[in-house]
Amino acid sequence: MTSELDSLRRHSLVVADTGDIEAVARWKPQDATTNPSLLLTSAQDPRFRHLVDNAIREARGDTAAAMDGLFVHFGREILKHVAGRVSTEVDARLSFDIAGSIARARRLIALYERHGVGRERVLIKLASTWEGVRAAEQLEREGIHCNMTLLFSFAQAVACAEAGVTLISPFVGRIYDWYRAARKVDDIPVDDDPGVASVARIYAYYKKHGYKTQVMGASFRKTEQILALAGCDLLTIAPDLLEKLAKAPGPVERKLSMELALRTGGEKIAMDEKTFRWMHNEDPMATDKLADGIRRFDADARKLERLIISLAAATPAAA
Ligand code: E4P
């Protein structure tokens with residue numbers, strides 16, 4: 001019996017959105033994505049404690065190095081189960097710091113390479129701020145590929161494509177969350193879902209205007225949102241939703257296509273910093289969710305830092 005997951009795989013590249021290595025091994029996706037919140041959860045999981053301990057031992061008392069090490073150790077383990085790439089996120093504190101983001105990305109890539117993982121297997125995740133996009137533009141020139149995250153507005157998507165980044169992760173669920181709260185409703189049907197509509201619009205624009213940047217729908221709350229984007233280049237999906245898709249029988253119809261994109265992609269927008277800031281600021285959902293997303297990833301990264309400090313106090317240093 002063909003499941004929705006099998007059918008979806010014919011239209012889009014399926015990616016696992018998790019720091020749970022056993023879930024990655026189970027679902028065997030092409031790529032995997034992590035973020036600071038997912039890695040905070042996994043770092044507290046006794047099954048993966050050895051990865052945290054290794055990072056702490058190798059960092060010899062340097063908490064920032066232990067954070068990088070933890071991200072890279074999880075990334076390496078994940079890569080044992082995927083043929084493609086793993087996404088590793090740069091500290092949200094650097095969201096408005098071009099030079100700082102570039103330096104941190106180079107450091108993560110150097111650490112991956114020291115552990116035998118080539119840069120072609122890693123996507124560096126950066127917040128889709130104006131500064132994040134500029135950092136990504138420079139990193140791409142160095143062969144460091146980027147996945148632009150916390151993407152909520154059309155302005156962010158246009159800026160990323162113009163900068164020639166490898167991939168963007170437009171969020172569906174957090175847009176849905178915002179509109180659900182704003183409209184004071186329990187649910188928004190998928191045909192009216194602004195998160196789904198955002199990804200469909202970006203996909204159509206990119207394809208119509210020939211951008212190479214790949215679109216990976218992210219942040220899903222229900223399988224209907226995923227199925228409504230069948231045909232998107234990639235879809236990153238949490239294990240609980242992968243499970244639901246695997247259990248549901250039935251074919252999945254392609255929803256996004258080049259043919260539709262050519263009809264609906266809209267006119268090309270010239271993007272510069274002023275236009276970006278103006279357009280993004282005109283979108284209250286996107287301004288709220290970008291700021292909130294940076295704060296949330298930062299809060300979880302700080303929790304992770306505190307966890308590392310407390311575990312380091314109990315971990316013998318490397319000889
Ligand atoms: C993936 O790249 C994103 O970090 C993730 O999908 C966010 O999902 P959430 O909105 O459920 O936290």
Side-chain angles (χ1 to χ4, degrees), residues 8 12-20 23-24 27 29-43 71 74-75 78 82 84-92 95 105 108 122-129 132 136 145-153 156-157 160 165-181 188 193-196 198-199 202 213-226 228-229 232-245 285-286 288-301 303-304:
L8 183 65
S12 297
L13 216 130
V14 171
V15 175
D17 194 19
T18 184
D20 179 339
V24 177
W27 293 107
Q30 173 66 23
D31 284 8
T33 52
T34 64
N35 66 37
S37 309
L38 295 171
L39 288 182
L40 172 65
T41 305
S42 291
F71 288 178
F74 271 93
I78 287 170
V82 304
R85 307 159 294 187
V86 68
S87 289
T88 297
E89 199 150 329
V90 158
D91 198 319
S95 298
L108 286 166
V122 181
L123 289 173
I124 292 293
K125 276 176 93 176
L126 295 158
S128 304
T129 55
H145 300 298
C146 299
N147 167 358
M148 303 309 292
T149 190
L150 295 176
L151 197 148
F152 302 100
S153 70
Q156 289 174 291
C160 289
V165 304
T166 296
L167 183 147
I168 62 163
S169 294
F171 280 33
V172 175
R174 294 194 195 188
I175 296 182
Y176 165 86
D177 297 341
W178 192 92
Y179 280 97
R180 219 160 45 96
I188 300 173
D193 186 329
V196 169
S198 161
V199 179
I202 292 166
T213 301
Q214 293 183 301
V215 181
M216 178 167 72
S219 168
F220 293 106
R221 299 289 173 263
K222 48 186 182 174
T223 56
E224 290 89 328
Q225 292 173 329
I226 299 167
L229 293 171
C232 194
D233 300 320
L234 306 95
L235 296 165
T236 188
I237 307 172
D240 60 326
L241 293 175
L242 285 170
E243 175 102 46
K244 283 187 185 162
L245 290 168
M285 173 281 297
D288 278 7
K289 292 312 274 184
L290 175 59
D292 170 69
I294 291 170
R295 285 192 296 268
R296 280 164 57 177
F297 282 154
D298 176 57
D300 284 344
K303 282 186 201 154
L304 199 47

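We count ligands from 1, going down the list as the structure has it; atoms in each ligand are counted the same way. In this chain, residues are counted from 1 in sequence order. Values reported hereafter were calculated over all heavy atoms of this structure, with side chains retained and with hydrogens, waters and symmetry mates removed. All values derive from a computational prediction rather than experimental measurement.
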Salt bridge flag under 4.0 Å for residues K289 and D292: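 A salt bridge links K289 with D292.
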N/O separation below 3.5 Å, [X] to ligand 1:
X: S219; result: yes
X: N35; result: yes
X: D17; result: yes

Distance-minimising heavy-atom pair for P194 and I175: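 Minimum heavy-atom separation between P194 and I175: C-CG2, 3.8 Å.
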Closest non-hydrogen atom pair, I78 against T18: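 Taking I78 first and T18 second, the nearest heavy atoms are CD1-O, 4.0 Å.
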Heavy-atom gap R221 to ligand 1 smaller than 4.0 Å: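 Yes, that is the case, since the closest heavy atom of the residue is under 4.0 Å from the ligand.
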Close approach of K125 to ligand 1, heavy atoms, under 4.0 angstrom: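 A heavy atom of K125 does come that close to ligand 1.
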Nearest option to atom 3 (C) of ligand 1, as decided by whichever heavy atom of Y176, F220, F297, F171 sits closest: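 The nearest heavy atom belongs to F171.
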Nearest neighbour in protein (non-hydrogen) for atom 12 (O) of ligand 1: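 Sorting protein heavy atoms by distance from atom 12 (O) of ligand 1 puts R174 NH2, 2.8 Å first.
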Distance under 6.0 Å and angle within 45° of ring axis: R221 vs Y179: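 No; the conditions do not both hold, so R221 does not lie above the ring face of Y179.
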More than 12 heavy atoms of other groups within 6.0 Å of K244 NZ: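 Open: at most 12 neighbouring heavy atoms sit under 6.0 Å from NZ of K244.
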Short side-chain to backbone donor-acceptor contact, D31 and V15, under 3.5 Å: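 Here the side-chain-to-backbone pair does not exist.
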